[in-house]
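Taking it in order: structure first as structure tokens, then the write-up.
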Amino acid sequence: MTERQRCVLQAIVRLYIRTGQPISSRLLARHLRNRLRVSAATLRTVMAELEEMGYLQQPHTSAGRIPTDRGYRAYIDSLVGFEPLRDEEQSLITRELQAGDDYDTLLQGASRVLSMLASAVGITRSPAPQQLILHRFEIISLSSTHVLVILVFQPAVVRTLLLESSWDLPPNTAEQLTQLLNERFAGLPFATVLRAPALTDVLSALAWPAARFVESLWEQLPSLLHPQGRLYVSGTWQLLRYPEYASAERLRTLTLLLEESSGLLQLLSQYEELLQHQPLFIGIGRELRMAALYDSALILHRYPLGSSYGVVGIIGPKRMPYARVIPAVHSVAQRLAELCA
């Protein structure tokens with residue numbers, strides 16, 4: 001693109017984000033009168049050039065232009081100028097995400113804050129369990145038939161499991177098992193803990209009923225953590241404010257995706273490898289290769305959790321205010337990193 005074409009594309013994207021209406025050459029001329037001293041006729045020529053290049057489209061014959069997915073991509077990659085968060089926005093993040101909150105509360109709060117800041121759907125995903133490092137087991141005999149198992153992962157994830165059995169596990173046996181399992185597994189990735197060779201090694205050192213208890217425990221360990229991480233979604237109602245989702249069928253399809261966590265987790269997993277190498281991902285419309293999101297954009301940012309990482313992000317219309325939303329997503333990810341360090 002020439003400098004004039006870049007200037008026109010940037011202005012059209014910004015105006016369309018603000019108004020949601022196709023941008024006419026007359027409106028564009030007024031908007032750019034201090035930057036480009038050219039006529040509306042000249043601007044129509046530039047807009048036609050950008051349309052031929054695939055950056056703009058004309059929804060109706062007599063209408064103005066709107067950005068295409070390629071136009072948004074060019075804007076995000078080289079034309080957007082980021083805006084620092086306002087003091088009240090930064091205060092909201094600090095107030096809603098506080099030290100001392102348990103991990104699940106933090107992630108639910110992060111999705112809620114993202115939704116409030118972006119006026120869109122906020123999402124957070126905990127680290128996938130294979131990334132988590134097991135810190136320790138705690139096995140507590142509650143009665144002759146009930147045993148509480150607590151798993152603590154580094155640095156802040158805790159999961160509990162209540163096992164009911166027909167055999168008696170005395171308190172001293174529970175203490176011995178706690179010591180043995182911590183000696184064998186503390187400091188290892190959860191994926192290693194779950195493997196059969198690791199279990200076989202432990203069982204060979206145990207007598208019944210302790211061996212039967214450990215077998216039962218290992219059968220249920222995978223249920224503690226979703227294989228792709230746990231998902232938190234807030235603000236689905238925010239979509240109602242955008243004309244892009246005025247179609248009942250379009251809104252229904254997207255809402256089903258957001259409410260069915262398996263589909264959304266599968267979508268996020270597609271960018272797992274990419275987020276290992278870069279902190280930020282932005283997908284626009286058809287780039288996401290999912291029909292339910294053709295009118296939407298997805299912004300994801302990783303946050304570290306010890307040696308693993310989770311994901312925070314936004315789902316909203318393609319014309320979301322990227323200059324404000326991207327810094328907001330970054331700030332929430334940064335806040336989670338600080339609190340989970």
Given the rule in the side chain to side chain contact (heavy atoms under 4.5 Å, CB included) test, do Leu217 and Val147 qualify, once you have shown the distances and angles that lead to the verdict? CA-CA 10 Å; Leu217 172 59; Val147 179; over 6 Å; no
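- In this structure the side chain of Leu268 reaches within 4.5 angstrom of the side chain of Leu231, judged on heavy atoms.
- Criterion: ILVMFWY side-chain heavy atoms under 4.5 Å apart, direct or through other members. Under it, Leu239 and Leu256 are not part of a common hydrophobic cluster.
- Atoms CG and CZ, on Leu221 and Phe190 in that order, are 5.0 Å from each other to the nearest 0.5 Å.
- The side-chain heavy atoms of Leu254 and Leu293, taken from C-beta on, include a pair separated by under 4.5 Å.
- Side-chain atoms of Arg30 do not come within 3.5 Å of backbone N or O of Leu27 as any donor-acceptor pair.
- Gln220 meets the side chain to side chain contact (heavy atoms under 4.5 Å, CB included) test with Leu161, Leu163, Ser216, Ser223; sequence neighbours excluded.
- Remark: Gln90 pairs with no residue by the side chain to side chain donor-acceptor pair (under 3.5 Å) rule, at least two apart or across chains.
- For the side chain to side chain contact (heavy atoms under 4.5 Å, CB included) test, residues two or more places apart in sequence or in another chain that qualify with Arg335 are Ile93, Thr94, Leu97, Glu338, Leu339.
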Chi angles and distances behind the side chain to side chain contact (heavy atoms under 4.5 Å, CB included) call for Leu151, Phe137: CA-CA 5 Å; Leu151 279 78; Phe137 276 97; 3.8 Å; yes
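- Closest heavy-atom contact between Ile314 and Ala118: CD1-CB, 3.6 Å.
- Considering only heavy atoms from C-beta on, Tyr322 stays 4.5 Å or farther from Val13 through its side chain.
- Looking at residues two or more places apart in sequence or on another chain, you find no side chain to side chain donor-acceptor pair (under 3.5 Å) involving Arg289.
- Taking both residues in full, the closest heavy atoms of Thr192 and Leu188 are given as CG2-CD1, 4.2 Å, listed atom of the first, atom of the second, then distance.
- Thr160 pairs by the side chain to side chain donor-acceptor pair (under 3.5 Å) definition with nothing, not counting sequence neighbours.
- Two residues are said to be in side-chain contact when any heavy atoms from C-beta on lie closer than 4.5 Å; Val38 and Arg4 meet this criterion.
- For His330, the ring pair (Phe, Tyr, Trp, His ring centres under 6.0 Å) partners at least two apart in sequence or on another chain are His301.
- Leu180 is connected to Val214 through a chain of hydrophobic side-chain contacts under 4.5 Å among Ile, Leu, Val, Met, Phe, Trp and Tyr, so both are in one cluster.
- A donor-acceptor pair shorter than 3.5 Å cannot be found between the side chains of Arg230 and Ser126.
- Residues Thr236 and Val121 share a closest heavy-atom pair of CA-CG2, 3.8 Å.
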For Tyr75 and Ile284, run side chain to side chain contact (heavy atoms under 4.5 Å, CB included): C-alpha distance rounded to whole Å, both residues' side-chain angles, the deciding distance at 0.1 Å, then the answer. CA-CA 11 Å; Tyr75 173 76; Ile284 305 161; over 6 Å; no
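- The shortest non-hydrogen separation linking Thr178 to Ile139 is OG1-N, 3.1 Å.
- A donor-acceptor pair under 3.5 Å is formed between the side chain of Arg6 and the backbone N or O of Met1.
- Residues Leu257 and Leu240 fall within the same hydrophobic cluster, defined by Ile, Leu, Val, Met, Phe, Trp and Tyr side chains chained together at heavy-atom separations under 4.5 Å.
- A side-chain N or O of Gln179 and one of Glu183 form a donor-acceptor pair less than 3.5 Å apart.
- Put simply, the side chain of Thr68 gets close to the backbone of Tyr55: a donor and an acceptor are under 3.5 Å apart.
- Shown here are the side chain to side chain donor-acceptor pair (under 3.5 Å) partners of Tyr242, two or more places apart in sequence or in another chain: there are none.
- Between the side chain of Arg250 and the main chain of Glu244, a donor-acceptor pair closer than 3.5 Å is present.
- Proximity of a side-chain donor or acceptor of Ser111 to a complementary backbone N or O of Gln108 within less than 3.5 Å is detected.
- The minimum heavy-atom distance between Ala110 and Val332, with the atom names listed, is CB-CG1, 3.9 Å.
- Using a 4.5 Å cut-off on side-chain heavy atoms (C-beta onward), Pro22 and Gln58 make no contact.
- The CG atom of Leu264 lies 11.5 Å from the CD atom of Glu259; values are rounded to the nearest 0.5 Å.
- Residues Leu117 and Phe82 share a hydrophobic cluster, clusters being chains of Ile/Leu/Val/Met/Phe/Trp/Tyr side chains in contact below 4.5 Å.
- Ser331 places no side-chain N or O within 3.5 Å of a backbone atom of Ala328 that could act as its donor or acceptor partner.
- Across all non-hydrogen atoms, the minimal contact from Met320 to Ile315 is CE-C, 4.4 Å.
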Please lay out, stage by stage, how Arg44 and Ser25 fare under the test side-chain hydrogen bond (donor to acceptor under 3.5 Å, both in side chains). CA-CA 6 Å; Arg44 280 195 294 272; Ser25 57; 3.1 Å; yes
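- The closest side-chain heavy-atom distance from Leu181 to Val193 is not below 4.5 Å.
- At a threshold of 4.5 Å between non-hydrogen side-chain atoms, the residues Ile282 and Ile326 count as touching.
- Judged by distance alone, the side chain of Arg302 and the main-chain N or O of Gln278 form a donor-acceptor pair under 3.5 Å.
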Would you tabulate the side-chain donor-acceptor contacts of residues 45-53 under 3.5 Å, counting partners in other chains and residues two or more places apart, or write 'none'?
unit_1 : atom_1 : unit_2 : atom_2 : d
Thr45  : OG1    : Ala41  : O      : 3.3
Glu49  : OE1    : Gln5   : NE2    : 3.0
Glu51  : OE1    : Arg65  : NE     : 3.0
Glu51  : OE1    : Arg65  : NH2    : 3.0

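- Each salt bridge (Lys or Arg N to Asp or Glu O under 4.0 Å) pair with one or both residues in residues 66-76, not counting sequence neighbours, appears once here: Asp69-Lys318, Arg73-Asp77, Arg73-Glu287.
- The side chain to side chain contact (heavy atoms under 4.5 Å, CB included) search around Glu249 returns Ser247, Arg252, Thr253, not counting sequence neighbours.
- Under the side chain to side chain contact (heavy atoms under 4.5 Å, CB included) criterion, Arg37 pairs with no residue, sequence neighbours left out.
- Within the 4.5 Å cutoff, side-chain heavy atoms of Leu300 are placed close to those of Ile123.
- Within a 6.0 Å radius of CZ in Arg241, other residues, nucleotides and ligands contribute more than 12 heavy atoms.
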Derivation of the side chain to side chain contact (heavy atoms under 4.5 Å, CB included) call for Tyr294 and Leu288: CA-CA 8 Å; Tyr294 281 175; Leu288 298 168; over 6 Å; no
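- Hydrophobic clustering (side-chain heavy atoms under 4.5 Å, transitive across Ile, Leu, Val, Met, Phe, Trp, Tyr) groups Ile140 together with Leu162.
- Using cut-offs of 30° and 60° for the angle between ring planes, the Tyr72 and Tyr16 rings count as tilted.
- Judged as a ring pair (Phe, Tyr, Trp, His ring centres under 6.0 Å), the pairs with a partner in residues 261-293 (not counting sequence neighbours) are, in order, Tyr271-Phe281.
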Between Thr124 and Tyr303, is the side-chain hydrogen bond (donor to acceptor under 3.5 Å, both in side chains) condition met? List the steps. CA-CA 10 Å; Thr124 56; Tyr303 66 91; over 6 Å; no
